[in-house]
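Sharing a structure here in structure tokens format.
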Amino acid sequence: MFKWLHPLAKPETVYHLCGRLYPWLMLLAVTLLLLGNIWGLAFTPPDYQQGDSYRIIHIHVPSAIMSMGTYSAMAIAAFIALVWQVKVAQWSVLAIAPIGAVYTAIALITGMAWGKPMWGTWWVWDARLTSELILLFLYLGVIALSGAFSDRQTGAKASSLLAVVGVINLPIIHFSVEWWNTLHQGASITKFAKPSIDPSMLWPLLISILAFKVLMLALLCLRLRTAILQHEQHRPWVKALAGAV
């Protein structure tokens with residue numbers, strides 16, 4: 001059933017695939033980022049309640065969504081690494097973690113900047129904000145665990161296990177505004193039956209979300225190629241690449 005995935009377990013195949021995909025993904029990401037943000041910042045109308053301050057949504061919402069989406073990708077890679085002992089999946093966990101940590105930090109910082117004029121304070125121990133902060137700690141924990149053991153293999157397994165266990169925080173982040181009485185506003189773009197955001201604001205936001213997703217894939221390709229070279233430097237095909245350069 002999954003025979004088509006077998007070649008992706010080979011580091012050399014993944015290295016060359018990432019090399020082919022990276023420039024196109026980065027070009028698409030930059031194009032979408034420019035389109036979504038220029039459209040959203042310059043051409044959408046101000047919000048009737050929040051005025052122009054709502055425009056930070058084009059950075060905050062995509063980064064918040066991708067902080068969770070990136071963690072999901074990392075957890076899947078960690079599960080594959082633990083169950084099937086696939087080396088590329090194990091390296092992917094540590095390639096993804098810093099990307100997700102940056103997305104989460106951006107979501108928290110922009111959330112605080114947005115909250116200051118709306119709530120009158122930079123930070124409150126709101127359920128959504130607190131669970132997002134825990135997500136950042138999970139990313140940092142995965143990164144830290146990988147280097148906390150003298151045996152690199154043990155560190156990789158420990159970080160993969162934390163990544164899998166930490167998945168429990170994702171539904172807490174997503175449903176926190178429904179489960180608890182919080183200051184954070186509810187869903188705006190996932191209520192398709194009765195959307196709470198005007199289409200003139202929605203489309204540039206969707207483009208920005210797609211841009212952040214494509215950017216994550218581009219950065220993953222770049223970081224995974226580096227990780228493969230580091231771990232496979234003794235292999236003949238890597239030595240051949242070094243000789244060709």
Side-chain angles (χ1 to χ4, degrees), residues 1-33 62 65-104 138-139 141-149 151-167 170 209-245:
M1 180 179 177
F2 296 104
K3 288 183 178 179
W4 64 275
L5 285 173
H6 290 177
L8 296 180
K10 188 177 179 182
E12 183 179 1
T13 302
V14 176
Y15 176 84
H16 291 297
L17 177 63
C18 288
R20 290 192 295 269
L21 291 176
Y22 171 73
W24 296 104
L25 288 171
M26 186 57 73
L27 177 62
L28 179 59
V30 171
T31 302
L32 291 172
L33 279 171
I65 290 175
M66 286 311 301
S67 70
M68 294 186 288
T70 303
Y71 195 95
S72 298
M74 183 180 70
I76 292 171
F79 182 80
I80 293 172
L82 289 171
V83 176
W84 289 288
Q85 302 294 309
V86 178
K87 293 188 296 183
V88 174
Q90 192 175 79
W91 303 335
S92 296
V93 173
L94 298 181
I96 294 171
I99 302 172
V102 171
Y103 274 143
T104 308
L138 285 169
Y139 276 121
V142 169
I143 297 170
L145 271 179
S146 65
F149 298 86
D151 181 16
R152 188 168 61 181
Q153 189 69 17
T154 303
K157 288 183 178 179
S159 59
S160 294
L161 183 60
L162 176 61
V164 172
V165 172
V167 168
L170 298 184
I209 293 171
L210 180 59
F212 273 59
K213 182 175 293 187
V214 176
L215 180 60
M216 186 277 284
L217 294 174
L219 294 175
L220 173 58
C221 285
L222 183 62
R223 287 185 52 80
L224 188 53
R225 275 168 60 89
T226 302
I228 290 172
L229 290 179
Q230 289 175 342
H231 288 86
E232 298 284 287
Q233 54 185 304
H234 60 286
R235 301 290 184 183
W237 69 270
V238 177
K239 294 180 179 179
L241 280 176
V245 174

* Exam field: side chain Y139 to backbone Y103, donor-acceptor pair closer than 3.5 Å ->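 Side chain of Y139 to backbone of Y103, a donor-acceptor pair under 3.5 Å: no, none is there.
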* Asked: For the atom pair CG (L217) and CD1 (I96), what is the distance rounded to the nearest 0.5 Å?
  ->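 Spacing of CG (L217) from CD1 (I96) equals 9.5 Å.
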* Answer yes or no: is there a side-chain heavy-atom contact under 4.5 Å between V142 and L94? =>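 Touching, per the 4.5 Å side-chain cut-off.
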* Are R235 and E12 close enough for a salt bridge, meaning some N to O gap below 4.0 Å? ->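 No, this pair does not count.
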* Nearest 0.5 Å, what's the CD-NE2 distance between Q90 and H231? ->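 Taking CD in Q90 and NE2 in H231, the distance rounds to 7.5 Å.
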* Donor-acceptor pair, side chain of Y71 and main chain of A163, under 3.5 angstrom ->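 A pair under 3.5 Å: yes.
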* Could you grab the distance from atom CG of L138 to atom CG of L145, nearest 0.5 Å is fine? =>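 Nearest 0.5 Å value for the CG-CG distance: 10.5 Å.
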* **Between SG on residue C221 and CZ on residue R20, distance to nearest 0.5 Å** =>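 Rounded to the nearest 0.5 Å, the SG-CZ separation comes out at 10.5 Å.
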* Does some side-chain heavy atom of V14 sit less than 4.5 Å from a side-chain heavy atom of W91? ->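 No; the side chains remain at least 4.5 Å from each other.
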* To do: Ignoring hydrogens and angles, tell me if any N or O in the side chain of T226 forms a donor-acceptor pair with the backbone of L222 under 3.5 Å.
  =>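 Such a contact is found between T226 side chain and L222 backbone.
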* **Taking every non-hydrogen atom, the tightest pair across A81 and S160** =>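 The pair with the smallest heavy-atom distance is CB-OG, 4.3 Å.
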* Asked: Can F212 and L33 be said to form a side-chain contact (heavy atoms from CB on, under 4.5 Å), step by step?
  -> CA-CA 8 Å; F212 273 59; L33 279 171; 3.6 Å; yes
* Within the distance-only criterion (no hydrogens, no angle test), does the side chain of Y22 pair as donor or acceptor with the backbone N or O of R225 below 3.5 angstrom? ->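 Checked: no pair found.
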* Write down the atom of A97, the atom of I143, and the distance for their closest heavy-atom approach. =>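 Reported closest heavy-atom pair: CB-CG1, 3.7 Å.
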* How far apart are the closest heavy atoms of A9 and P11, and which atoms are they? ->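 Smallest heavy-atom distance, with atoms named: O-CD, 3.5 Å.
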* To do: Taking all heavy atoms of S67 and all of T104, pick out the closest pair and write down the distance.
  =>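 Closest pair (atom of S67, atom of T104, distance): CB-OG1, 3.3 Å.
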* To do: Write down the atom of L25, the atom of A218, and the distance for their closest heavy-atom approach.
  =>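 Looking at all heavy atoms of both residues, the shortest contact is CB-CB, 3.7 Å.
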* Nearest non-hydrogen partners of L82 and K157, listed with the distance ->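 It is CD2-O, 3.9 Å.
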* Asked: When rounded to the nearest 0.5 angstrom, what is the spacing between CD1 in I228 and OG1 in T13?
  ->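 Those atoms lie 9.5 Å apart.
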* Test log, rule side-chain contact (heavy atoms from CB on, under 4.5 Å), inputs K213 and T70 -> CA-CA 9 Å; K213 182 175 293 187; T70 303; over 6 Å; no
* Yes or no on side-chain contact (heavy atoms from CB on, under 4.5 Å) for L241 and Y15, after CA distance, side-chain angles and deciding distance? -> CA-CA 11 Å; L241 280 176; Y15 176 84; 3.5 Å; yes
* To do: Over 60° means perpendicular and under 30° means parallel, so classify the ring planes of H16 and W237, tilted if in between.
  =>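 Geometry flag for H16 against W237: tilted rings.
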* Going from CD1 on I99 to CG on L219, what distance comes out if it is rounded to the nearest 0.5 angstrom? ->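 Separation between the atoms: 5.0 Å.
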